[in-house]
Amino acid sequence: MIDTHESDAPEHLLKLRNTRPEDYPDIRAIMDRVYADLGGAWSREQFMAQLAQFPEGQICIEDKGRVVAAAISVIVDYKKFGDRHTYEKITGDGYLTTHDPHGDTLYGVDIFVDPDYRGMRLGRRLYDARKELCRNLNLRAIVAGGRIPGYRKYRDEMTPGEYVAKVKAREIFDPILTFQLSNDFHVRKLIPGYMPEDRASGAYATLLEWINIDYEEEEHLIGGPRSRVRIGAVQWQMRPMKTQDALFEQIEYFVDAVSGYQTDFILFPEFFNGPLLARFNQDNPAEAIRHLAEFTDPIREEMQRLALAYNVNIVAGSMPEYDGETLRNVSYLCRRDGTWERQYKLHVTPDERDLWGLQGGDQLAVFNTDVARVGILICYDVEFPELSRVMADQQLQILFVPYWTDTKRAYLRVRRCAQARAIENECYVVLSGSVGNLPRVENMDLQYSRAAVFTPADFSFPHDAIADEATPNTEMTLIADLDLDALKELHEHGSVRNLRDRRGDLYRVDWTEKRD
């Protein structure tokens, strides 16, 4: 027989569970201590209404049978309340009559811990339980109005906004806000008049949000959102071609081959139709490139036919477009649903301007497709970080960069800038160019390429931030799978968060509309 001494019993025996009706006396005792300056505990009627409205959202921690901490939550359709709500309104005056089982947001009504148990991180356990609940219910986010009781000491020195900024900078400790920030919540704004009786906070509250990166808006049996996208990049061999049909035959060969791997996108290089230039007078390159532009519409129409026939989105490299007055370099996105878009090259190189008379476009777009938000920057454009930053602000996920370079030095400019764009904008970048040579074609006689797929640099991605890359100067294709959910994880929980941490209070990138 083993003799168990009382001293061998554990000091604590904690258990996380849903709150029950018989817990009210314990909860009332805690709230009366914690909220003595705010009227104390909920009434029994309010407490029972909370359990009746949303029992799964009422969570507590007991220690040897006694409740020592609790969290109260409600599901709401957040757009019905907006960011200027009050505590009383969004909680239904504590009765949770605002609960909507079809809502999109878990609203944090309250979290409190017995003062005798502070320092045991029970609040963190309750926050983690809320996050788990939010994920399991497939809700968009957790939102809460956070008190800032420490502000009472600084109200004569600074505004609430200045106080929150100093708490975020860890220069001031606030017993509530500091804890919430350490639990991955971010402050969206300040709400005035949130809780008029909260004099310590000056009646202000921080509007806090935690984003559920696993949230899916709607379950689709077919055609729904996908987490993985497969892309193919064609490293194109420049070879003499006498006819348009010969070019079409080579294009279809690659579309057929790459789409056979069930790819979602195929990328062709900049000026991949360059072989047709050999048909024209090389003594006048400006005239020759304008003649090449005569093939652009037929090539786009063929690309659109192939996108439909092979069920793949095609980024049709780039081609010259001439309207009788202006020569531009244009890329087409040919979607597999039959629609298409265009993106002009915005920055032209000195050589393109001086030898051909190319001019830059003036519009930049991010395009919706059936699987991702994508953008196109043609060659030189990727060397201007402002462009991809504007696109990142429009939820860019994949950036396609068709390029043409003649030397390794020129290629490395494009490559290294493309890698930077992937890291700083937390997106994937796919680039491809042409290889080989074109005898008797002025300004396109040499080619250098090493197609690649770049990723952000963090733990969810390859250690060198390269998903795949081609053999230099060899005609071939790349096939790579891109995880869009990994981007969501990076945006919210990355080792560094380039998009979120930008100092918008100091600088920004604005698109200036073209004026007559």
Side-chain angles (χ1 to χ4, degrees), residues 83 124 127-128 131 134 140-146 148 150 158-174 176-191 205-215 364 366 372-373 375 377 382-399 416-429 454-466 482-511:
D83 291 346
R124 183 177 293 275
Y127 269 102
D128 289 343
K131 293 173 184 176
C134 183
R140 180 190 64 83
I142 301 174
V143 173
I148 45 174
M158 61 187 73
T159 66
E162 292 169 336
Y163 174 80
V164 169
K166 286 186 175 294
V167 175
K168 290 172 66 176
R170 301 299 193 267
E171 294 188 13
I172 294 177
F173 174 83
D174 184 275
I176 293 179
L177 179 56
T178 299
F179 174 71
Q180 291 163 328
L181 293 174
S182 68
N183 278 275
D184 296 326
F185 281 77
H186 67 275
V187 178
R188 285 176 47 186
K189 62 177 296 182
L190 276 169
I191 312 176
T206 54
L207 182 63
L208 297 149
E209 185 173 47
W210 176 84
I211 300 294
N212 176 16
I213 62 172
D214 298 317
Y215 172 62
L364 183 68
V366 174
R373 294 269 291 169
L377 291 179
V382 81
E383 299 179 28
F384 296 84
E386 299 88 348
L387 298 183
S388 52
R389 182 48 52 89
V390 169
M391 300 168 94
D393 287 339
Q394 299 177 49
Q395 290 76 56
L396 173 73
Q397 294 172 298
I398 306 173
L399 176 62
R416 287 168 177 163
C417 288
Q419 288 181 292
R421 303 299 87 87
I423 293 170
E424 67 198 13
N425 295 299
E426 299 177 354
C427 66
Y428 296 106
V429 179
F454 300 129
T455 75
D458 213 317
F459 294 111
S460 299
F461 305 94
H463 74 279
D464 56 0
I466 302 173
L482 308 181
D483 186 349
L484 301 185
D485 283 348
L487 296 182
K488 296 179 185 178
E489 174 72 22
L490 176 67
H491 297 337
E492 297 299 325
H493 305 297
S495 300
V496 294
R497 304 166 197 176
N498 295 74
L499 292 180
R500 176 178 289 184
D501 291 341
R502 280 183 296 165
R503 290 291 304 277
D505 58 321
L506 297 180
Y507 59 86
R508 63 183 182 182
V509 177
D510 291 326
W511 186 260

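Side-chain contact check for K168 versus L181: some heavy-atom pair is nearer than 4.5 Å. Side-chain contact between L177 and F185 is absent, with no heavy atoms from C-beta onward closer than 4.5 Å. Between D214 and D485 the shortest side-chain heavy-atom distance does not fall below 4.5 Å. Counting only heavy atoms from C-beta outward, the side chains of N183 and K131 approach each other to under 4.5 Å. L207 is not listed as a side-chain neighbour of V187, based on a closest heavy-atom distance of 4.5 Å or more. Contact check for Q397 versus V366: no side-chain heavy atoms found under the 4.5 Å cut-off. Side-chain atoms of I213 and H493, non-hydrogen and from C-beta on, do get closer than 4.5 Å to each other. A heavy-atom distance below 4.5 Å is found between the side chains of L377 and M391.
The line from CD1 of I211 to CD1 of I142 is 10.0 Å long, rounded to the nearest 0.5 Å. We find the CG-OH distance between D483 and Y428 to be 5.0 Å, quoted to the nearest 0.5 Å. How far CG of D510 is from CZ of R389: 13.0 Å, rounded to the nearest 0.5 Å. The distance from atom OH of Y163 to atom CG of L190, rounded to the nearest 0.5 Å, is 11.5 Å.
Of the residues I176, I172, I148, the one that meets the side-chain contact (heavy atoms from CB on, under 4.5 Å) test with V167 is I172. Applying side-chain contact (heavy atoms from CB on, under 4.5 Å) to R497 and the options H491, E426, R502 leaves one that passes, E426.
Within a 6.0 Å radius of CZ in F459, other residues, nucleotides and ligands contribute 12 heavy atoms or fewer. Around atom CZ of R500, more than 12 heavy atoms belonging to other residues, nucleotides or ligands sit under 6.0 Å away.
When all heavy atoms of L484 and A372 are compared, the pair lying nearest together is CD1-CB, 4.1 Å. Heavy-atom minimum distance, S388 versus R421: OG-CD, 3.0 Å. Considering all non-hydrogen atoms of both residues, T455 and P462 come closest at OG1-CD, 3.7 Å. The two residues D458 and L490 make their nearest non-hydrogen contact at OD2-CD1, 3.2 Å. Closest non-hydrogen pair, V429 versus A418, comes out as CG2-O, 3.7 Å. Counting all heavy atoms, side chain and backbone alike, G375 lies closest to L396 at N-CD1, 3.3 Å.
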Go through it in stages, so that I can follow the logic: the residues are Y127 and D184, the test is side-chain hydrogen bond (donor to acceptor under 3.5 Å, both in side chains), and I'd like the CA-CA distance, side-chain angles, deciding distance and then a yes or no.
CA-CA 10 Å; Y127 269 102; D184 296 326; over 6 Å; no
Mind running salt bridge (Lys or Arg N to Asp or Glu O under 4.0 Å) on R508 and D393 for me, showing each step along the way?
CA-CA 11 Å; R508 63 183 182 182; D393 287 339; over 6 Å; no
For the pair I466 and F454, evaluate side-chain contact (heavy atoms from CB on, under 4.5 Å) and give the outcome as yes or no after the intermediate values.
CA-CA 5 Å; I466 302 173; F454 300 129; 4.0 Å; yes
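Checked for salt-bridge contact, K189 and D83 miss the test: no charged N lies under 4.0 Å from a carboxylate O. Salt-bridge check for R140 with E209: passed, with a basic side-chain N closer than 4.0 Å to an acidic carboxylate O.
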